[in-house]
Chemist: 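Please see the structure below; I have some questions.
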Amino acid sequence: MNENLDHILSEVRNHVSSAPTREELERLRVHYVGKKGVITSLLHQLKDLPAEKRKEMGARLNDVKTDVEKVLKARQSELNRKALEDQLNSAPALDLSLPGQYATSAGALHPVTRVMEEFIQIMKRIGFSVATGPEVELDYYNFEALNTPEHHPARDMQDTFYIEPPILLRSHTSPVQIRAMKNKKPPLQIIAPGKVYRSDYDMTHVPMFHQIEGLMVDEHISFADLKGVLHYLVKDLFGARPLRFRPSYFPFTEPSAEVDMQCISCRGSGKECRVCKSTGWLEIGGCGMVHPNVFRSVNYDPDKVSGFAFGMGMERIAMLKYGIDDIRSFFENDLRMLEQFSC
Ligand code: PHE
């Protein structure tokens, strides 16, 4: 039986190592170590041997079985590798880890968003916090509480879209100031960024645009504080430059002013300057000292506190900063324009 086993082992080695396919290998496995295989039946025959022989033969048979299984396994992985290689060589190459043919570029912040973010960061540095409110607003917060009762001629300055009176799309972010003051006693130092709506459409006006308004209320706040804050803001946005406060009118501030910044293109000379239409100045927003009636509507005592407010259009600021002359180009989604900001 021993010789028989040696014979089987060398036979297995020969056959297995030259088995050409996985099917043939499987057939050999069944033939030798399968349920009715050669080695399995030898193991079954052990019980017929005398006890002293049985032990020796049993050990020997088990060794042979382990050897045969090892050889089978080795050939199996050889054939598997070969099959994979064949598959890779014959199939068209497909490497899923390669980058796509049309690389997608990473998105970038819209120029208006960039300017807003920058604006907010500057204001946060000097103690203003961000307040928000609804874009679909009540007439009361948008006009009434801002000293602009119904039939007030100043309502014409900010014609907006009505959902169903008294519900409208806010025409400025000043209603956020009313909401903030109703929620908190002074002192207060906030900015209100967001979308606003007006029924306008031309090179410098669109029906929806972005505003940031600022409000500071405390005892003894003066116009000088307003000037200081605006100089700081403009210096950070555009570099230090002179500001001009032109008397103006807003129902919610008294006195009121338009803020002009020295032209960034002609530096105030006004000589044949397209940017400032040769005036030497660029209007950047409106401002003023909060009207006592506004304080009364939020239960602040105008004899005890004072405050300033200002408002700026973000598209306007972005146009000046990036030299864009048609406000509508912010909303046309023309990649030739937007990609200039994708760094
Ligand atoms: N709310 C004004 C507007 O949208 C801007 C402004 C704000 C003016 C605060 C003065 C004070 O036109």
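Counting starts at 1 for both ligands and their atoms, following the listed order.
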Chemist: I'd like to know if Glu283 and Arg316 make a salt bridge, using a cut-off of under 4.0 Å between side-chain N and carboxylate O.
Modeler: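 Here Glu283 does not pair with Arg316 in a salt bridge, since their nearest N and O are not under 4.0 Å apart.
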Chemist: Determine, for Glu24 against Arg75, whether the closest basic-nitrogen to carboxylate-oxygen distance falls under 4.0 angstrom.
Modeler: no
Chemist: Should the pair Arg170 and Tyr141 be classed as cation-pi, given the thresholds of under 6.0 Å to the six-membered ring centre and 45° from the axis?
Modeler: no
Chemist: Quick one: does Arg198 get within less than 4.0 Å of ligand 1, heavy atoms only?
Modeler: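 Heavy atoms of Arg198 do come under 4.0 Å of ligand 1.
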Chemist: If you count the atoms of ligand 1 from 1 in the order shown, which ones are under 4.0 Å from a heavy atom of Ser174?
Modeler: 1 (N)
Chemist: Show me which atoms of ligand 1 lie under 4.0 Å from any heavy atom of Thr253.
Modeler: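 Counting from 1, the qualifying ligand atoms are 11 (C).
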Chemist: Specify side chain, backbone, both or neither for Gln177, according to which of its non-hydrogen atoms lie closer than 4.0 Å to ligand 1.
Modeler: neither
Chemist: Before signing off on this row, confirm whether Ser171 and ligand 1 have an N or O atom pair separated by under 3.5 Å.
Modeler: no
Chemist: Is the contact between Ser256 and ligand 1 made by the side chain, the backbone, both, or neither, using heavy atoms and a 4.0 Å cut-off?
Modeler: neither
Chemist: Could you tell me whether the side chain of Ser41 and the main chain of Gly37 form a donor-acceptor pair under 3.5 Å?
Modeler: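 Such a contact is found between Ser41 side chain and Gly37 backbone.
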Chemist: Please tell me if the side chains of Tyr322 and Gln340 come closer than 4.5 Å, counting only heavy atoms from C-beta onward.
Modeler: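 No; the side chains remain at least 4.5 Å from each other.
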Chemist: State whether Asp334 and Arg328 are salt-bridged, where the test is any N-O pair (Lys NZ or Arg NE/NH1/NH2 against Asp/Glu carboxylate O) under 4.0 Å.
Modeler: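 Salt bridge: no.
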Chemist: Could you check whether any side-chain N or O of Glu135 sits under 3.5 Å from a backbone N or O of Leu169, counting only pairs where one atom can act as donor and the other as acceptor?
Modeler: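 Pair absent, no side-chain N/O of Glu135 close to backbone of Leu169.
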Chemist: Heavy atoms only: which of Glu213, Gln158, His172 lies closest to atom 12 (O) of ligand 1?
Modeler: Gln158
Chemist: I'd like to check which ligand 1 atoms, numbered from 1 as shown, lie under 4.0 Å from a non-hydrogen atom of Phe310.
Modeler: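 Ligand 1 atoms under the 4.0 Å threshold to Phe310: 7 (C), 9 (C), 11 (C).
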Chemist: Under 4.0 Å from ligand 1, counting heavy atoms only, is it the side chain of Met157, its backbone, both or neither?
Modeler: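 None of Met157 does.
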Chemist: Could you tell me whether a side-chain N or O of His172 sits under 3.5 Å from a main-chain N or O of Gln211, the two making a donor and an acceptor?
Modeler: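 No, His172 side chain to Gln211 backbone: no donor-acceptor pair under 3.5 Å.
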Chemist: Mind checking whether Phe252 has a heavy atom under 4.0 Å from ligand 1?
Modeler: yes
Chemist: Suppose we measure from atom 11 (C) of ligand 1 to each protein heavy atom; which comes out shortest, and what is that distance?
Modeler: Ala309 O, 3.5 Å
Chemist: Does ligand 1 have an atom that lies less than 4.0 angstrom from a heavy atom of Met312?
Modeler: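 Judged by the 4.0 Å heavy-atom criterion, Met312 does not count as contacting ligand 1.
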